[in-house]
Each structure stands twice: as structure tokens, then as C-alpha cells.
Amino acid sequence: MYLRKALLVDIEAAREIMIKVGLEEGFTCNNTIIISQFIDQLLNQLEKINSTD
């Protein structure tokens with residue numbers, strides 16, 4: 001339960017950063033893509049947790 005909440009907080013924070021970077025540098029710039037990939041990893045972890053419950 002705690003891990004799920006922590007992941008959700010991290011995902012939301014990373015999304016906000018990704019949007020900020022995307023607006024400043026462009027949504028196809030390398031930094032935006034790296035953050036997006038990190039969010040994907042977090043979402044995959046969340047999916048694993050949800051599927052084991």
C-alpha cells in the first residue's frame with residue numbers, strides 16, 4: 001500500500017517535470033523523452049504491484 005502511494009506521488013511529480021521540460025525544450029527533445037521513459041518504468045512497477053494484489 002505504501003509503495004503504491006509512493007509510486008503515484010513519483011509518477012505525478014515526474015509528469016509535472018516532463019510537461020515543464022516539454023514546454024521549455026520541446027516535447028520531442030531528448031530530456032523530455034528520457035523523463036517519459038522514466039515515467040513508463042514507474043508505471044510498469046505500479047502495474048506489477050497492482051497485478052499481485
Same cluster or not: Ile39 versus Leu3, using hydrophobic residues (I, L, V, M, F, W, Y) connected whenever any side-chain heavy atoms lie under 4.5 Å apart? yes
Single-linkage hydrophobic cluster Ile19~Phe38, side-chain heavy atoms < 4.5 angstrom: no
Please report the shortest heavy-atom distance between [X] and [Y], naming the atom on each side.
X: Val21; Y: Asn31; value: CG1-CB, 3.9 Å
X: Thr28; Y: Ile33; value: O-CD1, 3.4 Å
X: Thr32; Y: Phe27; value: CG2-O, 3.7 Å

Side-chain ion pair, Glu24 and Lys20, N-O less than 4.0 Å: yes
Which value, rounded to the nearest 0.5 Å, describes the distance between [X] atom [atom1] and [Y] atom [atom2]?
X: Cys29; Y: Ile34; atom1: SG; atom2: CD1; answer: 8.5 Å
X: Leu46; Y: Ser51; atom1: CG; atom2: OG; answer: 9.5 Å
X: Gln41; Y: Gln45; atom1: CD; atom2: CD; answer: 7.5 Å
X: Asn44; Y: Ile49; atom1: CG; atom2: CD1; answer: 11.5 Å

Can you check whether Ile11 reaches Arg15 side chain to side chain, under 4.5 Å on heavy atoms? yes
Any pair with a residue in residues 29-49 that passes salt bridge (Lys or Arg N to Asp or Glu O under 4.0 Å), sequence neighbours left out, goes on the list, sorted by first then second residue, please. none
